[in-house]
Amino acid sequence: MTAATPDAPLWQPSPERIEAAAVTRFQSWAASRFGAPAEGGYEALHRWSVDELDTFWQAVAEWFDIRFSRPYESVLGDRTMPGATWFPGATLNYAEHALRTAENPARADSPALLYVDETHTQVPISWAELRRQVGALAAELRALGVTPGDRVSGYLPNIPQAVVAFLATAAVGGVWTSCAPDFGARSVLDRFQQIEPVVLFTVDGYRYGGKEHDRTETVAELRRELPTLRAVVHIPLLGTDAPEGALAWAALTSADTEPVFEQVPFDHPLWVLYSSGTTGLPKAIVQSQGGILLEHFKQLGLHCDLGPEDRFFWYTSTGWMMWNFLVSGLLTGTTVVLYDGSPGHPDVSAQWRIAEQTGATLYGTSAAYVMACRKADIHPGRDFDLSRVQCVATTGSPLPPDGFRWLHDEVAEDLWIASVSGGTDVCSCFAGAVPTLPVHIGELQAPCLGTDLQSWDPAGKPLTDEVGELVVTNPLPSMPIRFWNDPDGSRYHDSYFDMYPGVWRHGDWITITDHGSVIIHGRSDSTLNRQGVRMGSADIYEAVERLPEIRESLVIGLEEPDGGYWMPLFVHLAEGATLDDDLRAAIKATIRENLSPRHVPDEVIEVPAIPHTLTGKRIEVPVKRLLQGTELAKAVNPGSVDNLDLLHFYAELAANRRR
């Protein structure tokens, strides 16, 4: 095997794979039906999809046979951002489309869901059974008085009951929202109190890392602090009886009831997702039934190339947007794999074992997990039968170049590696997977269809092969219809449209290369800026964490009152490692050689661990604020951090520096 050169792709799809891809068939069909370019491959199709935005999304709706119970008046009414209106006049229902495969007698008894827990026992739920449970529960929700627009919440792990509860909520026109049961009461209340749910689905506890975690006290606190609840539904994951006043899950899902799908306007709210909310309350992001339906059909059916023969596994929890994205695999008739448990139990190979056992064809995970596997020196391709895995996708943070090489070398040489990037804000990807394009090391394959993705300088000038702000200059259907409790829209506007009026600024640094791929450099709101040169923190993490002694790192750039600039690198060491002069020198040499002298930190400081949001992202901005002297209570929302005690270290460091 020859290593890929900087200009040569790491992976190239075969002509047969390109011909068989859904996006190829879509392009040919859209060329004859809508005037899309028949030649020029993906690049030409993408250009058409943003130049002819209305026509492209009409084509998506027809290609995926969207059932509009009332037809739309136009594709895009007002295209102003924020506030673009999609398919005005149309009515539909997301859950109806998610369960459509159950109508096919040939598929009704095949698995819609495959549930796996830490025992690695597989439990299949057929399309017919999923549809029956959703029908039964939707009828019970209506009997409880749930009407379109009412909020229904889930304090649930990644289990089939969570999928049923979500789909039943969508079927009645309710608005779904969920948190994982490893969230503490304060974190959950910071989210759920904003949206005032009328029903709460909850477990008695969960299993993680080989242990049972009781949640009965937390549930009791949620019930006390959510006065709008009309009903609480108990799911006995640990086998306990329903507490007083709670309804039993089994009783609500036992009937054989045909589901009734409330036909709602295209922009009717489907769910509420939450930003990490590291400072202040999390933003309660509302996305629409129709917008998510179209965006996820496009993303899963064209970009991920999923269909009825596929099995879709993404390691996630119900507190992360990737759970919502995973469940939408049902739209394409795909079997969705739900794994509930620790990503590394009983050992770091756990996720690969699940991919093998479930026959996953698309396996999604975090870049951090890939790099942990690399450091642990495991060999998935040798130790597991991963022959069905066509694509490994990563998100959460940019996949470093060494991660691409490791997947290629240790999983399969003919492996489609899809590093993708988007956000909770749109519950989708701005750039990432394209089955017909080559994969270059360290790069996302291309901007997604219908996504007018650009890199801009501070003056709003587009850049190529230079680092700039990630912007989207035309609306997407899954952009938020609003934030909850933001009556004048000011918080929504200020979150994305403050820097460039009328243009979505996401808050990432990106480079769009001359061959059309995308490189993510990290968050622009925690930018490193030395001597006027902007640097991405992700580039430094990638270099430093190659060293076996470094488990994880965090870099912060601080503008000082005297005009100076202090850039410390915090390192969490691997077990047995010592931060001595030799290791400090090795860290600085690695950064200098792989990046530049400008990237070398002023200090390397050992920390007990790196703080993260509840969804696993490194916390850069609150740490920066702490180092600038902001009080802990004002620098961070305590309910958004995985280990609040870690932040005291940075607060004390800041206090000592000021003395």
Output, in order, the C-alpha distance, side-chain angles, deciding distance and verdict of salt bridge (Lys or Arg N to Asp or Glu O under 4.0 Å) for K283 and D486. CA-CA 10 Å; K283 296 183 299 237; D486 181 28; over 6 Å; no

Which word best sums up how the rings of H440 and H515 line up, parallel for under 30°, tilted for 30 to 60°, or perpendicular for over 60°? tilted

Under 3.5 Å, side chain of S495 to main-chain N/O of R491, donor-acceptor pair present? yes

Donor-acceptor check, side chain of T613 to backbone of K617, threshold 3.5 angstrom: yes or no? yes

What heavy-atom pair brings S419 and F404 nearest, and what distance separates the two atoms? CB-CZ, 3.8 Å

Validation row: H46, S49 side chains within 4.5 angstrom (heavy atoms): yes

Could you tell me how the ring of W416 sits relative to the ring of W11: parallel (under 30°), tilted (30 to 60°) or perpendicular (over 60°)? parallel

Between D452 and T473, is any side-chain donor less than 3.5 angstrom from a side-chain acceptor? yes

Would you please indicate if the ring centroids of F570 and Y650 are separated by under 6.0 Å? yes

Quick check for you: to the nearest 0.5 Å, what is the distance between R191 atom CZ and L614 atom CG? 5.5 Å

Let me check something: any side-chain donor-acceptor pairs from residues 458-465 under 3.5 Å, sequence neighbours excluded? List them with distances.
from, atom 1, to, atom 2, distance (Å)
D465, OD1, D514, N, 3.2

Step through the shown structure and confirm whether more than 12 heavy atoms of other residues, nucleotides or ligands are within 6.0 Å of CD on E43. no

Under a 3.5 Å cutoff, is there a donor and acceptor pairing between the side chains of W48 and Q27? no

Heavy atoms of V439 and I417 approach each other most closely as CG2-O, 3.4 Å

Hydrogens and angles aside, do Y369 and T394 bring a side-chain donor and acceptor to less than 3.5 Å of each other? no

Using only atom types and a distance under 3.5 Å, with no angle test, would you say the side chain of Y42 pairs donor to acceptor with the backbone of V434? no

Would you say S178's side chain and T318's backbone share a donor-acceptor pair under 3.5 angstrom? yes

Is R482 close enough and on-axis enough to W484, meaning under 6.0 Å and within 45°, for cation-pi? yes

Is there a donor-acceptor pair closer than 3.5 Å between any side-chain N or O of Q287 and the backbone N or O of T424? yes

Check against side-chain contact (heavy atoms from CB on, under 4.5 Å), M567 and Y565: CA-CA 7 Å; M567 196 171 96; Y565 194 78; 4.2 Å; yes

Mind checking whether L647 and V641 have side chains closer than 4.5 Å, heavy atoms only? yes

Salt bridge or not for D498 and R505, using N-O below 4.0 Å? no

Ignoring hydrogens, what is the shortest heavy-atom contact between V571 and V604? Give both atom names and the distance. CG2-CG1, 3.9 Å

Looking at every non-hydrogen atom in both residues, tell me the closest pair between A180 and S317 and how far apart they are. CB-OG, 3.8 Å

Taking the six-membered ring of Y541 (Phe, Tyr or Trp), confirm whether the NZ or CZ of R618 is under 6.0 Å from its centre and within 45° of its axis. yes

About how many Å separate CD of Q299 and OG of S478, when rounded to the nearest 0.5 Å? 8.5 Å

Value rounded to 0.5 Å, distance of CD in E62 from CH2 in W29: 5.0 Å

Main-chain N/O of G468 paired with S455 side-chain donor or acceptor, under 3.5 Å: yes

T332 (side chain) donor-acceptor with G329 (main chain) under 3.5 angstrom: yes

As a quick check of understanding, evaluate side-chain contact (heavy atoms from CB on, under 4.5 Å) for L449 and H303, giving each step before the final call. CA-CA 8 Å; L449 294 171; H303 286 281; 3.7 Å; yes

As a quick check of understanding, evaluate salt bridge (Lys or Arg N to Asp or Glu O under 4.0 Å) for D402 and R405, giving each step before the final call. CA-CA 5 Å; D402 283 352; R405 295 185 187 97; 2.8 Å; yes

Start with the C-alpha distance between Y315 and M322, add both sets of side-chain angles, then the distance that settles side-chain contact (heavy atoms from CB on, under 4.5 Å), and finish with yes or no. CA-CA 8 Å; Y315 180 79; M322 289 310 302; over 6 Å; no

Say you draw a straight line from CG of L453 to SG of C429; how long is it, rounded to the nearest 0.5 Å? 11.5 Å

Looking only at side-chain N and O atoms, does Y274 offer a donor or acceptor that is under 3.5 Å from a partner on T177? yes

Output yes when a side-chain donor or acceptor of S288 lies under 3.5 Å from a complementary backbone atom of G291, and no otherwise. yes

CG of L470 to OG1 of T511, rounded to nearest 0.5 Å, is 10.5 Å

Value for NZ (K624) from CG (L627), rounded to nearest 0.5 Å, stands at 10.0 Å

How about H506 and V472: do any of their side-chain heavy atoms sit closer than 4.5 Å? no

So L294 and W57, do their side chains get closer than 4.5 Å, heavy atoms only? yes

Does any N or O in the side chain of S428 come within less than 3.5 Å of the main-chain N or O of E295, such that one atom is a donor and the other an acceptor? no

Any side-chain heavy-atom pair of V518 and E443 under 4.5 Å: no

Tell me if the aromatic rings of W86 and F266 count as close, with their centers under 6.0 Å from one another. no

Looking at every non-hydrogen atom in both residues, tell me the closest pair between V623 and P611 and how far apart they are. CG2-CG, 4.1 Å

Taking C-beta and beyond as the side chain, do V607 and L646 meet within less than 4.5 Å on heavy atoms? no

For E545, run the side-chain contact (heavy atoms from CB on, under 4.5 Å) check against R374, E552, R551, M371 and tell me which one passes. E552

How about L569 and I605: do any of their side-chain heavy atoms sit closer than 4.5 Å? no

Considering non-hydrogen atoms only, spot the tightest contact between C391 and A418 and give its length. SG-CB, 3.8 Å

Checking side-chain contact (heavy atoms from CB on, under 4.5 Å) for the pair S421/D508: CA distance, chi angles, key distance, verdict? CA-CA 10 Å; S421 182; D508 282 342; 4.1 Å; yes

Do Q194 and P282 have side-chain heavy atoms sitting under 4.5 Å apart? yes

Any donor-acceptor pair under 3.5 Å linking the side chain of Q445 with the backbone of L437? yes

